[in-house]
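For the single chain, residues carry numbers from 1 onward in sequence order.
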Amino acid sequence: MSEARARLLNAATELFYAEGLHAVGVDRVIAHAQVTRATLYRHFPSKDDLLVAYLTQADEAFRARADEARASERTSADAVRTLGRTITGDIQSSGFRGCAFLNAAAEYPDPSHPVHLAVLAHRQWFLETMTELFSGIGKIDPEPAARHFVMLRDGAMTAGCLADPQPICETFLRGVEGLLTFRSREKSGT
């Protein structure tokens, strides 16, 4: 990635996440990145291309964290717990403004828009990843547990920027433990 492209993506990420996708125009990104308009359009032919690149970068970062959790933990249950703690760490971070993907979906509800499609691709990958992890815990269909985890995460990410994140994170992690306990009982047949 060229230095100018990296500066543009970093500026876009900072501004889009903090202020919203529609609220930030390309002129703000150009000024923040300290590049010319021609440089922006050489790397991103349209604002939609820049928005998709922003979401792609966020997707790749979370995928790397999920891969790290899977590689560093001995069991699927421990990997689920690690991902849960990763999510709560995000919620409690300075400047947290909710889930970049849920925020983008709210601003771009048209299911055929490239931004919405990028959101759906990330969410499909996340559900598949959680389904794979839950398949290592318990005997029956892991998809309901994965969907439950995703739903708990969505709620925590939404509520985490509206109120004190501490009790929200505690509630989310208790929910994750409840899912793991339920799945473990299924495996043992109790």
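- Scanning all heavy atoms of the two residues, the minimum distance from Ala104 to Val119 falls at CB-CG2, 3.8 Å.
- By the rule that hydrophobic residues join a cluster once side-chain heavy atoms approach within less than 4.5 Å of another member, Phe149 and Leu173 end up as members of one cluster.
- Between Met157 and Phe101, every side-chain heavy-atom pair lies at or beyond the 4.5 Å cut-off.
- With contacts defined as side-chain heavy-atom distances shorter than 4.5 Å, the pair Ile91/Phe172 does not qualify.
- Residues His43 and Ala4 approach most closely at NE2-CB, 4.1 Å, considering heavy atoms.
- Remark: Glu143 CD to Ser135 OG distance equals 11.5 Å, nearest 0.5 Å.
- With contacts defined as side-chain heavy-atom distances shorter than 4.5 Å, the pair Arg65/Ile87 does not qualify.
- If you take CD on Glu60 and NE2 on His122, they are separated by 11.5 Å, rounding to the nearest 0.5 Å.
- Of all heavy-atom pairs spanning Gly136 and Ser76, the tightest one is CA-OG, 3.8 Å.
- Of the candidates Leu120, Asp110, Leu55, Leu55 is the only one forming a side-chain contact (heavy atoms from CB on, under 4.5 Å) with Val115.
- Looking at Arg183, its side chain does come within 3.5 Å of a backbone N or O of Ile140 through a donor-acceptor pair.
- In the displayed structure, Glu68 atom CD is contacted under 6.0 Å by at most 12 heavy atoms of other residues, nucleotides or ligands.
- Here Thr88 contributes atom OG1 and Glu170 contributes atom CD; the two are 10.0 Å apart, rounded to the nearest 0.5 Å.
- Arg85 places a side-chain heavy atom less than 4.5 Å from the side chain of Arg81.
- Put simply, the side chain of Val29 reaches to within 4.5 Å of the side chain of Phe16, judged on heavy atoms.
- The structure places OG1 of Thr131 at 8.5 Å from CD of Gln124, a figure rounded to the nearest 0.5 Å.
- Scanning both residues, Ala66 and Trp125, for their nearest heavy atoms gives CB-CH2, 3.8 Å.
- Between Val176 and Leu152, the closest heavy-atom pair is N-CD1, 4.2 Å.
- The side-chain heavy atoms of Met130 and Leu83, taken from C-beta on, include a pair separated by under 4.5 Å.
- The line from OG of Ser46 to CG of Leu51 is 8.0 Å long, rounded to the nearest 0.5 Å.
- Atoms CZ and CG, from Arg7 and Leu40 in turn, are 12.0 Å apart once rounded to the nearest 0.5 Å.
- Nearest heavy-atom pair across Glu107 and Gly20 is OE2-CA, 3.3 Å.
- Looking only at distances, no side-chain donor or acceptor of Asp48 sits under 3.5 Å from a matching main-chain atom of Pro114.
- Under the 4.5 Å side-chain heavy-atom criterion for ILVMFWY residues, no single connected hydrophobic cluster contains both Leu102 and Val52.
- Judged purely by distance below 3.5 Å, without hydrogens or angles, the side chains of Asp59 and Thr56 never pair a donor atom with an acceptor atom.
- Between Leu179 and Phe134 there is a side-chain heavy-atom pair separated by less than 4.5 Å.
- Checking side-chain atoms of Ser93 against main-chain N and O of Asp90 turns up a donor-acceptor pair under 3.5 Å.
- Val26 has its side chain within reach of Arg37: a pair of non-hydrogen atoms, C-beta onward, lies under 4.5 Å apart.
- Using bins of under 30°, 30° to 60° and over 60° for the plane-to-plane angle, the ring pair Tyr17/Phe96 lands in the tilted bin.
- Atom CD of Gln34 sits in a sparse spot, with 12 or fewer heavy atoms from other residues, nucleotides or ligands closer than 6.0 Å.
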